[in-house]
Protein chains: 2
Amino acid sequence: MQSFTEENYLKIIYHLSQNNDEAVQTNAIAERMQTKAASVSDMIKKLAEKQLINYKKYQGVKLTITGKLAAINIIRKHRLWEVFLVEKLNFKWDEVHDIAEDLEHIRSADLIERLDEFLSFPKSDPHGDPIPDKEGNFDSIPFRKLNKLKIGDEGLIMGVSEHSPPFLRHLEKLGLTLGRKVRITEIIDFDGSVELTVDQKKIIVSREVAKHILIRH
Amino acid sequence: MQSFTEENYLKIIYHLSQNNDEAVQTNAIAERMQTKAASVSDMIKKLAEKQLINYKKYQGVKLTITGKLAAINIIRKHRLWEVFLVEKLNFKWDEVHDIAEDLEHIRSADLIERLDEFLSFPKSDPHGDPIPDKEGNFDSIPFRKLNKLKIGDEGLIMGVSEHSPPFLRHLEKLGLTLGRKVRITEIIDFDGSVELTVDQKKIIVSREVAKHILIRH
DNA sequence: TGATTTTTTTAGATTTGTCTAAACATTTAG
DNA sequence: CTAAATGTTTAGACAAATCTAAAAAAATCA
Ligand SMILES: [Mn+2]
Ligand SMILES: [Mn+2]
Ligand SMILES: [Mn+2]
Ligand SMILES: [Mn+2]
(Lines give C-alpha, C1' and ligand atoms only; values in the text may rest on other atoms or scores of the structure.)
(Ligands and ions follow the chains in the order given, each with its own letter.)
Protein backbone atom coordinates (compact mmCIF):
# COMPACT_ATOMS: atom_id res chain seq x y z
CA MET A 1 0.00 0.00 0.00
CA GLN A 2 1.16 3.52 -0.80
CA SER A 3 1.26 6.70 1.27
CA PHE A 4 -0.93 9.67 0.30
CA THR A 5 2.15 11.33 -1.12
CA GLU A 6 3.05 8.33 -3.24
CA GLU A 7 -0.52 8.17 -4.50
CA ASN A 8 -0.37 11.81 -5.54
CA TYR A 9 2.86 11.23 -7.44
CA LEU A 10 1.35 8.24 -9.27
CA LYS A 11 -1.72 10.21 -10.23
CA ILE A 12 0.30 13.14 -11.54
CA ILE A 13 2.65 10.90 -13.50
CA TYR A 14 -0.40 9.24 -15.03
CA HIS A 15 -1.94 12.54 -16.05
CA LEU A 16 1.33 13.83 -17.49
CA SER A 17 1.83 10.71 -19.58
CA GLN A 18 -1.66 10.78 -21.10
CA ASN A 19 -1.84 10.48 -24.93
CA ASN A 20 1.85 10.75 -25.58
CA ASP A 21 3.53 7.56 -24.49
CA GLU A 22 6.73 9.39 -23.71
CA ALA A 23 8.58 9.26 -20.44
CA VAL A 24 7.58 11.93 -17.90
CA GLN A 25 10.25 14.40 -16.88
CA THR A 26 11.34 15.18 -13.37
CA ASN A 27 10.71 18.90 -13.73
CA ALA A 28 7.21 18.38 -15.07
CA ILE A 29 6.35 16.30 -12.00
CA ALA A 30 7.94 18.87 -9.71
CA GLU A 31 5.83 21.65 -11.17
CA ARG A 32 2.57 19.73 -10.81
CA MET A 33 3.42 18.56 -7.29
CA GLN A 34 4.40 22.09 -6.32
CA THR A 35 7.70 20.81 -5.06
CA LYS A 36 11.37 20.79 -6.03
CA ALA A 37 13.09 18.59 -8.60
CA ALA A 38 15.30 17.18 -5.84
CA SER A 39 12.27 15.91 -3.94
CA VAL A 40 10.94 14.33 -7.11
CA SER A 41 14.24 12.55 -7.69
CA ASP A 42 14.02 11.06 -4.20
CA MET A 43 10.44 9.92 -4.65
CA ILE A 44 11.08 8.53 -8.10
CA LYS A 45 13.68 6.16 -6.69
CA LYS A 46 11.25 4.96 -4.09
CA LEU A 47 8.46 4.34 -6.59
CA ALA A 48 10.90 2.51 -8.87
CA GLU A 49 11.98 0.27 -5.98
CA LYS A 50 8.34 -0.54 -5.39
CA GLN A 51 8.00 -1.44 -9.09
CA LEU A 52 5.36 1.21 -9.68
CA ILE A 53 7.40 3.03 -12.31
CA ASN A 54 10.25 2.21 -14.68
CA TYR A 55 13.10 4.58 -14.30
CA LYS A 56 16.62 5.06 -15.59
CA LYS A 57 18.64 8.02 -14.45
CA TYR A 58 18.13 11.10 -16.60
CA GLN A 59 15.62 9.19 -18.75
CA GLY A 60 12.35 10.18 -17.10
CA VAL A 61 9.73 7.75 -15.80
CA LYS A 62 6.91 5.56 -17.11
CA LEU A 63 4.28 3.84 -15.00
CA THR A 64 4.39 0.03 -14.85
CA ILE A 65 1.11 -1.85 -15.26
CA THR A 66 0.77 -2.00 -11.48
CA GLY A 67 1.52 1.70 -11.16
CA LYS A 68 -0.95 2.59 -13.88
CA LEU A 69 -3.71 0.57 -12.25
CA ALA A 70 -2.97 2.20 -8.90
CA ALA A 71 -3.18 5.64 -10.52
CA ILE A 72 -6.43 4.86 -12.31
CA ASN A 73 -7.94 3.58 -9.09
CA ILE A 74 -7.21 6.87 -7.34
CA ILE A 75 -8.73 8.77 -10.26
CA ARG A 76 -11.79 6.51 -10.07
CA LYS A 77 -12.23 7.39 -6.42
CA HIS A 78 -11.67 11.09 -7.04
CA ARG A 79 -14.34 11.23 -9.73
CA LEU A 80 -16.89 9.14 -7.85
CA TRP A 81 -16.54 11.39 -4.82
CA GLU A 82 -17.00 14.43 -7.06
CA VAL A 83 -20.25 12.96 -8.37
CA PHE A 84 -21.36 12.32 -4.80
CA LEU A 85 -20.58 15.88 -3.75
CA VAL A 86 -22.48 17.41 -6.66
CA GLU A 87 -25.40 14.96 -6.96
CA LYS A 88 -26.06 14.25 -3.31
CA LEU A 89 -24.66 17.18 -1.37
CA ASN A 90 -25.52 19.86 -3.91
CA PHE A 91 -22.08 21.33 -4.31
CA LYS A 92 -21.36 23.30 -7.47
CA TRP A 93 -18.93 21.85 -10.02
CA ASP A 94 -16.29 24.40 -9.11
CA GLU A 95 -16.36 23.52 -5.41
CA VAL A 96 -15.65 19.81 -5.38
CA HIS A 97 -12.13 19.26 -6.63
CA ASP A 98 -10.22 20.13 -3.47
CA ILE A 99 -12.44 18.04 -1.23
CA ALA A 100 -12.13 15.11 -3.65
CA GLU A 101 -8.35 15.50 -3.49
CA ASP A 102 -8.61 14.38 0.14
CA LEU A 103 -11.41 11.85 -0.24
CA GLU A 104 -9.61 10.02 -3.06
CA HIS A 105 -7.10 8.70 -0.52
CA ILE A 106 -9.65 6.94 1.71
CA ARG A 107 -8.70 3.30 1.50
CA SER A 108 -11.60 0.89 1.34
CA ALA A 109 -12.43 -1.02 -1.80
CA ASP A 110 -15.79 -1.94 -0.31
CA LEU A 111 -16.62 1.71 0.34
CA ILE A 112 -15.94 2.75 -3.20
CA GLU A 113 -17.96 -0.10 -4.75
CA ARG A 114 -20.92 0.79 -2.56
CA LEU A 115 -20.55 4.47 -3.35
CA ASP A 116 -20.51 3.59 -7.07
CA GLU A 117 -23.74 1.66 -6.62
CA PHE A 118 -25.32 4.40 -4.50
CA LEU A 119 -24.62 6.83 -7.34
CA SER A 120 -26.08 4.37 -9.90
CA PHE A 121 -22.73 3.65 -11.56
CA PRO A 122 -22.08 7.04 -13.17
CA LYS A 123 -20.00 7.03 -16.35
CA SER A 124 -18.58 10.50 -15.98
CA ASP A 125 -17.86 13.10 -13.32
CA PRO A 126 -19.21 16.68 -12.98
CA HIS A 127 -16.53 17.94 -15.36
CA GLY A 128 -17.28 15.38 -18.03
CA ASP A 129 -14.27 13.18 -17.25
CA PRO A 130 -14.88 9.43 -17.61
CA ILE A 131 -15.04 7.26 -14.47
CA PRO A 132 -13.02 4.04 -14.79
CA ASP A 133 -14.74 0.84 -13.66
CA LYS A 134 -13.19 -1.22 -10.89
CA GLU A 135 -10.99 -3.07 -13.38
CA GLY A 136 -9.64 0.27 -14.53
CA ASN A 137 -11.39 0.34 -17.92
CA PHE A 138 -13.14 3.37 -19.32
CA ASP A 139 -14.02 4.72 -22.74
CA SER A 140 -12.50 8.02 -23.64
CA ILE A 141 -15.14 9.79 -25.65
CA PRO A 142 -13.70 11.50 -28.73
CA PHE A 143 -13.85 15.28 -28.58
CA ARG A 144 -12.55 18.42 -30.18
CA LYS A 145 -11.45 21.56 -28.47
CA LEU A 146 -13.79 24.50 -29.06
CA ASN A 147 -10.97 26.65 -30.43
CA LYS A 148 -10.40 24.11 -33.25
CA LEU A 149 -13.94 24.36 -34.62
CA LYS A 150 -14.98 26.43 -37.65
CA ILE A 151 -17.81 28.87 -38.18
CA GLY A 152 -21.07 27.00 -38.51
CA ASP A 153 -19.85 23.92 -36.59
CA GLU A 154 -22.08 22.77 -33.78
CA GLY A 155 -21.90 20.20 -31.02
CA LEU A 156 -22.43 19.40 -27.36
CA ILE A 157 -20.25 20.51 -24.49
CA MET A 158 -19.03 17.23 -23.00
CA GLY A 159 -16.17 18.23 -20.80
CA VAL A 160 -13.55 20.73 -19.73
CA SER A 161 -9.79 20.35 -19.61
CA GLU A 162 -9.28 22.95 -16.91
CA HIS A 163 -10.76 22.52 -13.43
CA SER A 164 -9.94 25.73 -11.60
CA PRO A 165 -12.89 27.29 -9.75
CA PRO A 166 -12.60 30.70 -11.48
CA PHE A 167 -12.70 29.04 -14.93
CA LEU A 168 -15.66 26.84 -14.00
CA ARG A 169 -17.59 29.73 -12.48
CA HIS A 170 -16.96 31.76 -15.63
CA LEU A 171 -18.47 29.00 -17.80
CA GLU A 172 -21.39 28.60 -15.44
CA LYS A 173 -22.15 32.31 -15.62
CA LEU A 174 -22.15 32.13 -19.42
CA GLY A 175 -24.47 29.11 -19.38
CA LEU A 176 -21.74 26.88 -20.82
CA THR A 177 -22.52 23.78 -18.77
CA LEU A 178 -22.20 20.09 -19.65
CA GLY A 179 -24.58 18.83 -22.32
CA ARG A 180 -25.33 22.28 -23.76
CA LYS A 181 -25.57 22.58 -27.52
CA VAL A 182 -23.40 25.30 -29.04
CA ARG A 183 -22.90 26.64 -32.57
CA ILE A 184 -19.95 28.72 -33.69
CA THR A 185 -21.16 31.95 -35.27
CA GLU A 186 -17.90 33.83 -35.61
CA ILE A 187 -14.19 33.63 -34.95
CA ILE A 188 -12.60 36.97 -34.28
CA ASP A 189 -9.43 37.32 -36.33
CA PHE A 190 -7.72 39.74 -34.01
CA ASP A 191 -7.31 37.47 -30.98
CA GLY A 192 -9.01 34.18 -31.85
CA SER A 193 -12.01 34.83 -29.60
CA VAL A 194 -14.98 32.65 -30.44
CA GLU A 195 -18.55 33.85 -30.75
CA LEU A 196 -21.18 31.18 -30.30
CA THR A 197 -24.89 30.63 -29.68
CA VAL A 198 -26.08 28.72 -26.65
CA ASP A 199 -29.78 28.61 -25.81
CA GLN A 200 -30.60 31.26 -28.50
CA LYS A 201 -28.11 33.61 -26.87
CA LYS A 202 -24.92 34.88 -28.47
CA ILE A 203 -21.86 34.90 -26.25
CA ILE A 204 -18.13 35.39 -26.68
CA VAL A 205 -15.31 33.45 -25.10
CA SER A 206 -11.58 34.13 -25.44
CA ARG A 207 -9.34 31.71 -27.29
CA GLU A 208 -7.82 30.74 -23.93
CA VAL A 209 -11.24 29.78 -22.58
CA ALA A 210 -12.23 28.03 -25.83
CA LYS A 211 -9.14 25.83 -25.62
CA HIS A 212 -10.46 24.22 -22.48
CA ILE A 213 -13.98 23.45 -23.65
CA LEU A 214 -14.41 19.98 -25.13
CA ILE A 215 -17.03 19.47 -27.84
CA ARG A 216 -18.55 16.36 -29.36
CA HIS A 217 -20.12 16.86 -32.76
CA MET B 1 -4.82 23.26 11.87
CA GLN B 2 -3.72 19.91 13.28
CA SER B 3 -2.17 16.86 11.63
CA PHE B 4 -4.10 13.57 11.52
CA THR B 5 -1.90 12.32 14.34
CA GLU B 6 -2.60 15.33 16.51
CA GLU B 7 -6.31 14.92 15.85
CA ASN B 8 -6.15 11.31 16.96
CA TYR B 9 -4.38 12.27 20.16
CA LEU B 10 -6.98 14.93 20.94
CA LYS B 11 -9.82 12.51 20.34
CA ILE B 12 -8.29 9.85 22.55
CA ILE B 13 -7.55 12.31 25.33
CA TYR B 14 -11.16 13.46 25.13
CA HIS B 15 -12.50 9.92 25.38
CA LEU B 16 -10.20 9.05 28.26
CA SER B 17 -11.23 12.12 30.24
CA GLN B 18 -14.98 11.44 29.87
CA ASN B 19 -17.03 11.47 33.09
CA ASN B 20 -14.13 11.77 35.46
CA ASP B 21 -12.67 15.23 35.26
CA GLU B 22 -9.24 13.93 36.19
CA ALA B 23 -6.08 14.45 34.22
CA VAL B 24 -5.33 11.79 31.63
CA GLN B 25 -2.18 9.76 32.15
CA THR B 26 0.59 9.30 29.61
CA ASN B 27 0.42 5.51 29.75
CA ALA B 28 -3.32 5.47 29.16
CA ILE B 29 -2.87 7.54 26.03
CA ALA B 30 0.00 5.32 24.90
CA GLU B 31 -2.14 2.22 25.21
CA ARG B 32 -5.04 3.68 23.23
CA MET B 33 -2.76 5.10 20.57
CA GLN B 34 -0.93 1.77 20.31
CA THR B 35 2.33 3.58 20.80
CA LYS B 36 5.02 4.09 23.45
CA ALA B 37 4.92 6.41 26.45
CA ALA B 38 7.98 8.23 25.12
CA SER B 39 6.15 9.13 21.92
CA VAL B 40 3.21 10.36 23.94
CA SER B 41 5.49 12.58 26.02
CA ASP B 42 6.78 14.15 22.83
CA MET B 43 3.32 14.74 21.42
CA ILE B 44 1.98 16.07 24.69
CA LYS B 45 4.58 18.84 24.65
CA LYS B 46 3.60 19.78 21.15
CA LEU B 47 -0.12 19.90 21.95
CA ALA B 48 0.61 21.95 25.06
CA GLU B 49 2.63 24.45 23.01
CA LYS B 50 -0.33 24.75 20.69
CA GLN B 51 -2.57 25.47 23.70
CA LEU B 52 -4.74 22.45 23.02
CA ILE B 53 -4.01 20.82 26.37
CA ASN B 54 -2.86 21.90 29.80
CA TYR B 55 0.13 19.98 30.95
CA LYS B 56 2.55 19.92 33.84
CA LYS B 57 5.28 17.32 33.93
CA TYR B 58 4.26 14.10 35.64
CA GLN B 59 0.78 15.53 36.23
CA GLY B 60 -1.05 14.20 33.18
CA VAL B 61 -3.03 16.31 30.71
CA LYS B 62 -6.40 18.03 30.39
CA LEU B 63 -7.89 19.47 27.23
CA THR B 64 -8.25 23.24 27.02
CA ILE B 65 -11.55 24.62 25.71
CA THR B 66 -10.03 24.88 22.24
CA GLY B 67 -8.70 21.35 22.47
CA LYS B 68 -12.02 20.00 23.65
CA LEU B 69 -13.89 21.69 20.81
CA ALA B 70 -11.40 20.31 18.30
CA ALA B 71 -11.88 16.82 19.73
CA ILE B 72 -15.66 17.06 19.68
CA ASN B 73 -15.58 18.24 16.11
CA ILE B 74 -13.64 15.17 15.04
CA ILE B 75 -16.10 12.96 16.92
CA ARG B 76 -18.97 14.77 15.20
CA LYS B 77 -17.46 13.99 11.82
CA HIS B 78 -16.74 10.38 12.76
CA ARG B 79 -20.32 9.76 13.82
CA LEU B 80 -21.91 11.54 10.88
CA TRP B 81 -19.83 9.48 8.47
CA GLU B 82 -20.88 6.32 10.31
CA VAL B 83 -24.54 7.28 9.83
CA PHE B 84 -23.87 7.89 6.14
CA LEU B 85 -22.19 4.51 5.72
CA VAL B 86 -25.02 2.63 7.42
CA GLU B 87 -28.03 4.63 6.19
CA LYS B 88 -26.95 5.38 2.64
CA LEU B 89 -24.37 2.77 1.71
CA ASN B 90 -25.98 -0.12 3.61
CA PHE B 91 -22.98 -1.09 5.68
CA LYS B 92 -23.60 -3.09 8.87
CA TRP B 93 -22.94 -1.40 12.22
CA ASP B 94 -19.84 -3.53 12.78
CA GLU B 95 -18.24 -2.50 9.47
CA VAL B 96 -18.16 1.27 9.69
CA HIS B 97 -15.79 2.24 12.47
CA ASP B 98 -12.48 1.76 10.66
CA ILE B 99 -13.63 3.61 7.56
CA ALA B 100 -14.93 6.47 9.72
CA GLU B 101 -11.53 6.62 11.44
CA ASP B 102 -10.16 7.83 8.09
CA LEU B 103 -13.12 9.93 6.96
CA GLU B 104 -13.18 11.88 10.24
CA HIS B 105 -9.98 13.65 9.19
CA ILE B 106 -11.35 15.10 5.96
CA ARG B 107 -11.15 18.84 6.46
CA SER B 108 -14.07 20.79 5.10
CA ALA B 109 -16.59 22.45 7.38
CA ASP B 110 -18.90 22.95 4.42
CA LEU B 111 -18.79 19.25 3.56
CA ILE B 112 -19.77 18.19 7.03
CA GLU B 113 -22.65 20.65 7.31
CA ARG B 114 -24.03 19.45 3.99
CA LEU B 115 -23.58 15.84 5.00
CA ASP B 116 -25.45 16.55 8.23
CA GLU B 117 -28.30 18.04 6.22
CA PHE B 118 -28.25 15.19 3.69
CA LEU B 119 -28.68 12.77 6.60
CA SER B 120 -31.52 14.90 8.06
CA PHE B 121 -29.54 16.02 11.10
CA PRO B 122 -29.28 12.68 12.94
CA LYS B 123 -29.03 12.85 16.73
CA SER B 124 -27.11 9.62 17.22
CA ASP B 125 -24.83 7.27 15.32
CA PRO B 126 -25.33 3.57 14.47
CA HIS B 127 -23.99 2.58 17.91
CA GLY B 128 -26.30 4.91 19.80
CA ASP B 129 -23.63 7.53 20.48
CA PRO B 130 -24.85 11.13 20.39
CA ILE B 131 -23.79 13.38 17.51
CA PRO B 132 -22.66 16.85 18.65
CA ASP B 133 -24.05 19.81 16.70
CA LYS B 134 -21.67 22.19 14.97
CA GLU B 135 -21.26 24.21 18.16
CA GLY B 136 -20.16 21.05 19.94
CA ASN B 137 -23.30 20.61 22.05
CA PHE B 138 -25.05 17.30 22.53
CA ASP B 139 -27.28 15.70 25.14
CA SER B 140 -25.93 12.60 26.77
CA ILE B 141 -28.94 10.40 27.30
CA PRO B 142 -28.96 8.79 30.76
CA PHE B 143 -28.47 5.01 30.68
CA ARG B 144 -27.69 2.01 32.81
CA LYS B 145 -25.47 -0.89 31.92
CA LEU B 146 -27.36 -4.13 31.38
CA ASN B 147 -25.30 -5.93 34.04
CA LYS B 148 -26.54 -3.49 36.69
CA LEU B 149 -30.22 -4.26 36.18
CA LYS B 150 -32.30 -6.59 38.40
CA ILE B 151 -34.65 -9.42 37.54
CA GLY B 152 -37.90 -8.01 36.18
CA ASP B 153 -36.33 -4.73 35.01
CA GLU B 154 -37.06 -3.75 31.45
CA GLY B 155 -35.93 -1.08 29.03
CA LEU B 156 -34.71 -0.20 25.56
CA ILE B 157 -31.27 -0.86 24.15
CA MET B 158 -29.98 2.59 23.36
CA GLY B 159 -26.30 2.09 22.86
CA VAL B 160 -23.16 0.02 23.27
CA SER B 161 -19.90 0.91 24.99
CA GLU B 162 -17.78 -1.45 22.93
CA HIS B 163 -17.45 -1.09 19.18
CA SER B 164 -15.38 -4.09 18.07
CA PRO B 165 -16.83 -5.94 15.08
CA PRO B 166 -16.96 -9.36 16.83
CA PHE B 167 -18.93 -7.88 19.73
CA LEU B 168 -21.34 -6.06 17.42
CA ARG B 169 -21.87 -9.11 15.24
CA HIS B 170 -22.57 -11.17 18.36
CA LEU B 171 -25.30 -8.75 19.42
CA GLU B 172 -26.73 -8.66 15.93
CA LYS B 173 -26.97 -12.44 15.82
CA LEU B 174 -28.82 -12.42 19.14
CA GLY B 175 -31.22 -9.76 17.90
CA LEU B 176 -29.88 -7.24 20.41
CA THR B 177 -30.00 -4.18 18.17
CA LEU B 178 -30.66 -0.52 18.95
CA GLY B 179 -34.20 0.27 20.07
CA ARG B 180 -35.06 -3.29 21.09
CA LYS B 181 -37.03 -3.79 24.28
CA VAL B 182 -35.52 -6.24 26.73
CA ARG B 183 -36.62 -7.67 30.08
CA ILE B 184 -34.33 -9.38 32.57
CA THR B 185 -35.68 -12.81 33.43
CA GLU B 186 -32.78 -14.24 35.37
CA ILE B 187 -29.28 -13.49 36.59
CA ILE B 188 -27.09 -16.56 36.89
CA ASP B 189 -25.33 -16.57 40.25
CA PHE B 190 -22.38 -18.62 39.11
CA ASP B 191 -20.88 -16.18 36.58
CA GLY B 192 -23.22 -13.23 36.42
CA SER B 193 -24.64 -14.17 33.02
CA VAL B 194 -27.92 -12.44 32.25
CA GLU B 195 -30.98 -14.13 30.82
CA LEU B 196 -33.42 -11.85 29.06
CA THR B 197 -36.38 -11.77 26.71
CA VAL B 198 -36.19 -9.90 23.41
CA ASP B 199 -39.00 -10.27 20.90
CA GLN B 200 -40.63 -13.09 22.90
CA LYS B 201 -37.36 -15.05 22.76
CA LYS B 202 -35.21 -15.95 25.76
CA ILE B 203 -31.50 -15.44 25.29
CA ILE B 204 -28.43 -15.42 27.52
CA VAL B 205 -25.50 -13.05 27.46
CA SER B 206 -22.35 -13.24 29.59
CA ARG B 207 -21.64 -10.60 32.24
CA GLU B 208 -18.86 -9.30 30.03
CA VAL B 209 -21.28 -8.73 27.15
CA ALA B 210 -23.96 -7.29 29.47
CA LYS B 211 -21.50 -4.66 30.71
CA HIS B 212 -21.33 -3.11 27.27
CA ILE B 213 -25.04 -2.89 26.55
CA LEU B 214 -26.62 0.44 27.53
CA ILE B 215 -30.26 0.46 28.61
CA ARG B 216 -32.76 3.27 29.11
CA HIS B 217 -35.70 2.42 31.30
C1' DT C 1 32.48 20.77 -31.95
C1' DG C 2 32.89 23.29 -27.95
C1' DA C 3 30.44 26.40 -24.93
C1' DT C 4 26.28 27.58 -22.69
C1' DT C 5 21.91 26.55 -20.89
C1' DT C 6 18.67 23.39 -19.05
C1' DT C 7 17.60 19.38 -16.55
C1' DT C 8 18.57 16.03 -13.21
C1' DT C 9 20.89 14.07 -9.49
C1' DT C 10 23.52 14.03 -5.09
C1' DA C 11 25.00 15.76 -0.56
C1' DG C 12 23.69 17.31 3.55
C1' DA C 13 19.92 19.49 6.56
C1' DT C 14 15.30 19.82 8.51
C1' DT C 15 10.66 18.44 10.26
C1' DT C 16 7.37 15.07 11.98
C1' DG C 17 6.44 11.17 14.38
C1' DT C 18 8.32 7.28 16.00
C1' DC C 19 11.50 4.06 18.74
C1' DT C 20 14.81 1.97 22.67
C1' DA C 21 17.34 2.56 26.65
C1' DA C 22 18.23 4.89 30.54
C1' DA C 23 17.27 8.42 33.98
C1' DC C 24 14.10 10.49 36.97
C1' DA C 25 9.66 11.22 39.65
C1' DT C 26 5.71 9.47 42.03
C1' DT C 27 3.08 6.00 44.20
C1' DT C 28 2.58 1.88 46.88
C1' DA C 29 3.90 -1.51 50.30
C1' DG C 30 6.29 -3.27 54.11
C1' DC D 1 9.58 6.18 56.17
C1' DT D 2 12.37 3.78 53.30
C1' DA D 3 12.45 0.48 49.33
C1' DA D 4 10.41 -1.41 45.45
C1' DA D 5 7.34 -0.90 41.81
C1' DT D 6 5.13 1.89 38.60
C1' DG D 7 4.80 5.75 35.63
C1' DT D 8 7.02 9.51 32.99
C1' DT D 9 10.49 12.00 30.81
C1' DT D 10 14.94 12.65 28.38
C1' DA D 11 18.68 11.37 25.26
C1' DG D 12 19.84 9.80 21.10
C1' DA D 13 18.49 7.40 16.68
C1' DC D 14 15.72 6.51 12.70
C1' DA D 15 12.47 6.69 8.53
C1' DA D 16 9.67 9.59 5.49
C1' DA D 17 9.28 13.58 2.90
C1' DT D 18 10.98 17.72 2.16
C1' DC D 19 14.51 21.59 1.27
C1' DT D 20 18.97 24.32 -0.52
C1' DA D 21 23.17 24.31 -2.76
C1' DA D 22 26.25 22.24 -5.62
C1' DA D 23 27.76 18.71 -8.93
C1' DA D 24 26.84 16.11 -13.03
C1' DA D 25 24.57 14.90 -17.32
C1' DA D 26 21.99 16.09 -21.41
C1' DA D 27 20.32 19.24 -24.69
C1' DT D 28 20.84 23.37 -27.29
C1' DC D 29 23.29 26.79 -29.74
C1' DA D 30 26.91 29.21 -32.14
MN1 LIG E 1 -11.15 16.96 -9.68
MN1 LIG F 1 -13.46 16.12 -12.08
MN1 LIG G 1 -16.75 4.54 15.53
MN1 LIG H 1 -20.04 4.96 16.49
Side-chain angles (χ1 to χ4, degrees), chain A residues 1-17 20 22-63 67 70-71 74 101-102 104-105 107, chain B residues 1-17 20-63 67 70-71 74 101-102 104-107:
Chain A
M1 203 76 316
Q2 298 90 247
S3 69
F4 285 16
T5 310
E6 288 168 333
E7 290 189 346
N8 285 332
Y9 271 93
L10 289 175
K11 199 179 50 162
I12 279 172
I13 292 167
Y14 177 80
H15 279 133
L16 288 170
S17 70
N20 48 340
E22 287 160 43
V24 177
Q25 300 195 114
T26 304
N27 267 357
I29 300 171
E31 195 186 342
R32 284 286 206 98
M33 280 292 292
Q34 312 236 67
T35 185
K36 303 294 151 129
S39 307
V40 174
S41 272
D42 289 342
M43 180 56 81
I44 268 172
K45 281 180 210 155
K46 198 170 147 192
L47 294 174
E49 267 167 36
K50 294 193 176 186
Q51 316 256 41
L52 294 162
I53 58 176
N54 289 124
Y55 164 61
K56 277 192 192 121
K57 272 190 194 176
Y58 294 98
Q59 305 291 118
V61 300
K62 284 181 192 178
L63 292 172
I74 298 155
E101 280 298 299
D102 289 339
E104 72 188 7
H105 300 292
R107 256 180 271 272
Chain B
M1 202 77 316
Q2 298 89 246
S3 68
F4 286 16
T5 311
E6 288 169 336
E7 289 188 347
N8 285 331
Y9 270 95
L10 289 175
K11 197 179 53 163
I12 279 172
I13 293 167
Y14 177 81
H15 280 133
L16 287 170
S17 71
N20 47 339
D21 198 28
E22 287 160 43
V24 177
Q25 301 195 113
T26 304
N27 267 357
I29 299 169
E31 197 187 341
R32 283 289 206 95
M33 279 294 289
Q34 311 237 66
T35 187
K36 304 294 151 129
S39 306
V40 175
S41 273
D42 289 342
M43 182 56 81
I44 268 171
K45 279 181 212 156
K46 197 170 147 192
L47 294 174
E49 266 167 38
K50 293 192 176 185
Q51 316 257 41
L52 294 161
I53 58 176
N54 289 124
Y55 165 60
K56 277 193 191 120
K57 272 189 195 176
Y58 294 99
Q59 305 291 118
V61 300
K62 284 182 192 178
L63 292 171
I74 298 155
E101 280 297 300
D102 289 339
E104 72 188 7
H105 300 293
I106 299 291
R107 259 180 270 272

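Both backbone and side-chain heavy atoms feed into the values below; hydrogens, waters and symmetry mates do not. Naming: A, B, ... by sequence-line order, numbering from 1 per chain.
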Less than 3.5 Å apart, any donor N or O on the side chain of N8(B) or H105(B) sitting next to an acceptor on the other? yes

[X], nearest nucleotide to its side chain (from [options]):
| X | options | answer |
| --- | --- | --- |
| Q59(B) | dT26(C), dA24(D), dC19(C) | dT26(C) |
| S39(B) | dG7(D), dT9(C), dC19(C) | dC19(C) |
| A38(A) | dC19(C), dC19(D), dT8(D) | dC19(D) |

So what does [X] touch, heavy atoms closer than 4.0 Å: a base, only the sugar-phosphate, or nothing?
| X | answer |
| --- | --- |
| F4(A) | nothing |
| T5(B) | sugar-phosphate |
| T26(A) | sugar-phosphate |
| K45(B) | sugar-phosphate |

Integer-rounded Å distance: [N] [atom2] and [X] [atom1]:
| X | N | atom1 | atom2 | value |
| --- | --- | --- | --- | --- |
| K56(B) | dT8(D) | NZ | P | 17 Å |
| I44(A) | dA16(D) | CD1 | P | 17 Å |
| M33(A) | dA16(D) | CE | C1' | 13 Å |
| Q2(B) | dT16(C) | CD | P | 14 Å |
| M43(A) | dT10(C) | CE | P | 16 Å |
| D42(B) | dT20(C) | CG | P | 13 Å |
| N8(B) | dT16(C) | CG | P | 17 Å |
| E6(A) | dA16(D) | CD | C1' | 9 Å |

Look at the side-chain N and O atoms of [X] and state whether any lies under 4.0 Å from the OP1 or OP2 oxygen of [N].
| X | N | value |
| --- | --- | --- |
| S3(A) | dA16(D) | no |
| K36(B) | dT18(C) | no |
| Y55(B) | dT9(D) | yes |
| Y9(A) | dT18(D) | yes |
| N27(A) | dT8(C) | yes |
| Q25(A) | dT7(C) | no |
| K57(B) | dT10(D) | yes |

Can you tell me if [X] has over 12 outside heavy atoms packed within less than 6.0 Å of its [atom1]?
| X | atom1 | answer |
| --- | --- | --- |
| K50(B) | NZ | yes |
| E31(B) | CD | no |
| Q51(B) | CD | no |

Without swapping roles, check the side chain of R32(B) against the backbone of I13(B) for a donor-acceptor pair under 3.5 Å.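 Absent.
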
Minimum side-chain heavy-atom gap T26(B)-Y55(B) below 4.5 Å: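 In short, these two side chains do not touch, never coming nearer than 4.5 Å.
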
